[in-house]
Amino acid sequence: MASPEPSRRTGTDLVKRGLAEMLRGGVIMDVVTPDQAKVAEDAGAVAVMALERVPADIRREGGVARMSDPALIEGIKAVVTIPVMAKARIGHFAEAQVLEALGVDYVDESEVLTPADEAHHIDKWAFTVPFVCGATNLGEALRRVSEGAAMIRSKGEAGTGDIKEAVRHLRSILGDIRKITQADSAEIYQWAKELQAPVGLVQELAETGKMPVPLFCAGGIATPADAALVMQLGAEACFVGSGIFKSSDPPRFARAIVEATTHYKDAQMVAKVSRGLGEAMRGEEVSTVETRLSERGW
Amino acid sequence: MHESYGSKVGILALQGAVREHAQVLSGLGVEPIEVRTPADLESVGMLVLPGGESTTMSVLVQTSDLLAPLTDRLRGGMPAFGTCAGMILLASEVLDGRPDQRTLRAIDIAVRRNAFGRQVDSFETDLEVDGLEEPFHAVFIRAPVVERVGPDVEVLASLPGRDDPDGRPQPVLCRRGPVLVAAFHPELSADPRLHELFLRGAGSPIQSCTGATGAQRAER
């Protein structure tokens with residue numbers, strides 16, 4: 001006789017944030033084909049982001065960037081055992097519903113795609129699937145958490161291969177967290193007002209000294225040393241978009257960035273994996289790009 | 001106890017929920033050491049293998065030159081506690097894994113990866129555990145289950161409603177000597193009882209117990 005089914009709760013905060021915790025110290029790689037997904041998994045990626053074009057190509061080709069074709073996402077899901085993420089446009093909850101129906105493991109409400117709503121983000125509490133959102137500063141990060149994001153990634157400037165925006169955003173978020181831990185109870189209210197963030201979340205932050213959800217880094221990581229840099233600054237994992245498959249030797253770059261993310265404090269190890277790696281993605285200096293993707297989101 | 005390595009507790013820190021395990025252990029008065037290199041491994045007497053992605057850890061165990069020393073230490077009886085991906089790494093057989101996935105074969109079980117489906121099927125539930133008076137609140141995230149246990153393996157908890165072909169609930173918490181494995185994430189539950197169980201099984205002193213523990217007494 002079958003034993004009785006106990007009560008099981010799905011889609012809880014703990015379950016959503018828990019998956020993000022499990023990805024810590026890892027590398028999430030953008031892939032556009034099942035073959036690339038295999039390369040990513042072979043190299044030790046903790047997850048892949050399934051999309052039709054990497055940010056560098058979205059930037060070059062222009063046009064409206066939307067959710068990927070479900071057939072592409074399913075094709076990638078079929079060949080890897082690691083979690084598969086996919087992007088929905090900012091505010092486009094119907095795209096997110098489709099991604100949830102497809103069984104993706106994480107939805108990225110992403111500024112890399114063309115926003116669908118100029119004022120509202122998706123109400124992420126309404127979903128069982130967890131969400132990751134980008135942020136350039138602490139206020140933006142906490143607003144996304146208040147809407148139900150279970151993971152935050154600093155935005156950086158996707159598709160440039162230029163790390164300086166990622167560094168700026170990480171320093172801004174983590175620097176403000178350090179200041180808030182020194183604030184007295186009256187100053188907490190001022191911080192909430194300045195950040196345009198819920199006071200409850202600011203209070204929680206003051207007590208714990210860390211974001212309520214994991215903080216990962218995205219947008220501009222192109223080398224193992226870039227990964228070591230953002231991890232030392234306080235990122236808990238790396239998203240690498242164009243940096244791997246726009247390099248001269250994607251399997252080696254992928255493996256090297258994975259190893260550098262794990263051994264980020266060990267300069268000998270970062271040196272070892274960086275040696276003779278070939279050419280990193282060519283990239284574009286941020287000040288020369290026309291569209292700042294990181295300015296999307298509110 | 002392995003006197004040559006002392007009683008220090010290590011956490012395999014290649015990737016995953018290292019911080020959560022460290023917090024639970026700190027609450028028990030144990031200051032764990034993060035293990036990323038063979039030298040780190042030399043300095044610890046027992047090891048926690050955290051949740052994370054098992055394929056990633058399997059790659060990193062090899063690239064970090066840890067596969068041989070870990071296998072040797074485990075064969076020599078090093079106590080180990082593996083949760084989720086950590087359980088997969090310690091198992092003797094992985095079903096639905098990658099063909100090249102390396103495991104450490106410290107406990108004779110066959111483990112099926114992602115046995116419950118995708119992330120939307122991840123869940124929390126209360127679990128009856130042998131030896132614990134109150135149920136343990138367990139968090140299963142893209143979790144594996146145990147499909148076969150060897151003759152010397154004890155099953156400490158099974159998941160009702162998740163039955164094998166003979167109608168028996170499938171195991172999710174198993175022990176062989178000083179090796180303890182869980183399909184779920186005790187490091188996320190803010191409940192130290194399974195970490196205590198591991199430390200006791202490993203003969204380690206736990207500060208929260210009053211007075212000297214068995215291990216401390218034995219050393220005197």
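Every chain is numbered from 1, with letters handed out A, B, ... down the list of sequences. Since we're looking at a predicted model, the values are computed, not measured. Worth knowing before you read on, the calculation uses all heavy atoms, side chains too, and leaves out hydrogens, waters and symmetry mates.
- With hydrogens and angles disregarded, a donor-acceptor distance shorter than 3.5 Å links the side chain of B:Arg118 to the backbone of A:Gly103.
- The interface of residues 51-60 of chain B with chain A, defined by heavy-atom distances below 4.5 Å, comprises B:Gly51, B:Gly52, B:Glu53, B:Thr55, B:Thr56, B:Val59, B:Leu60.
- Side-chain contact check for A:Arg255 and B:Thr63: no donor-acceptor pair (N or O, by modelled atom type) lies under 3.5 Å.
- In this structure, B:Asn114 CG and A:Thr81 OG1 are separated by 6.5 Å, a value rounded to the nearest 0.5 Å.
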Which donor-acceptor pairs under 3.5 Å do the side chains of residues 87-95 of chain B make with protein atoms, sequence neighbours left out?
unit_1: B:Ser92; atom_1: OG; unit_2: B:Asp108; atom_2: OD1; d: 3.2
unit_1: B:Ser92; atom_1: OG; unit_2: B:Ile109; atom_2: N; d: 3.2
unit_1: B:Ser92; atom_1: OG; unit_2: B:Ile109; atom_2: O; d: 3.1
unit_1: B:Glu93; atom_1: OE1; unit_2: B:Arg148; atom_2: NH2; d: 3.4

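- Considering only residues two or more places apart in sequence or on other chains, A:Lys16 meets the side-chain contact (heavy atoms from CB on, under 4.5 Å) condition with A:Pro130, A:Ala150.
- Both the backbone and the side chain of B:Leu188 come within contact range of chain A, with heavy atoms under 4.5 Å apart.
- If you measure heavy-atom distances from A:Glu236 to chain B, the contacts under 4.5 Å come from the side chain alone.
- Around CZ of A:Phe127, the count of heavy atoms belonging to other residues, nucleotides or ligands within 6.0 Å exceeds 12.
- Contacts of A:Ala45 with chain B are made by backbone atoms alone, with heavy-atom separations under 4.5 Å and no side-chain atom involved.
- Nearest approach of A:Leu14 to B:Val139, heavy atoms of both residues: CD2-CG2, 3.5 Å.
- The backbone N or O of A:Val84 sits nowhere less than 3.5 Å from a side-chain atom of B:Gln119 that would complete a donor-acceptor pair.
- Side-chain atoms of A:Met22 and B:His185, non-hydrogen and from C-beta on, do get closer than 4.5 Å to each other.
- With a 4.5 Å cut-off on non-hydrogen atoms, A:Ala43 touches chain B through its backbone but not through its side chain.
- For the set A:Val129, A:Thr128, A:Val46, the count of heavy-atom pairs under 4.5 angstrom toward chain B peaks at A:Val46.
- Looking at B:Phe184, neither its backbone nor its side chain comes within 4.5 Å of chain A, counting heavy atoms on both sides.
- Dense packing is recorded around CD of A:Gln232, with more than 12 heavy atoms of other residues, nucleotides or ligands lying under 6.0 Å away.
- The only option from A:Thr10, A:Val15, A:Thr12 that meets the side-chain contact (heavy atoms from CB on, under 4.5 Å) definition with B:Ser122 turns out to be A:Val15.
- Residues of residues 15-23 of chain B lying under 4.5 angstrom from chain A, judged on non-hydrogen atoms, are B:Gln15, B:Gly16, B:Ala17, B:Val18, B:Arg19, B:Glu20 in numerical order.
- In this structure, B:Arg142 pairs ionically with A:Asp105, as a charged nitrogen and a carboxylate oxygen lie closer than 4.0 Å.
- Between A:His263 and B:Ser64 the shortest heavy-atom distance is NE2-OG, 2.9 Å.
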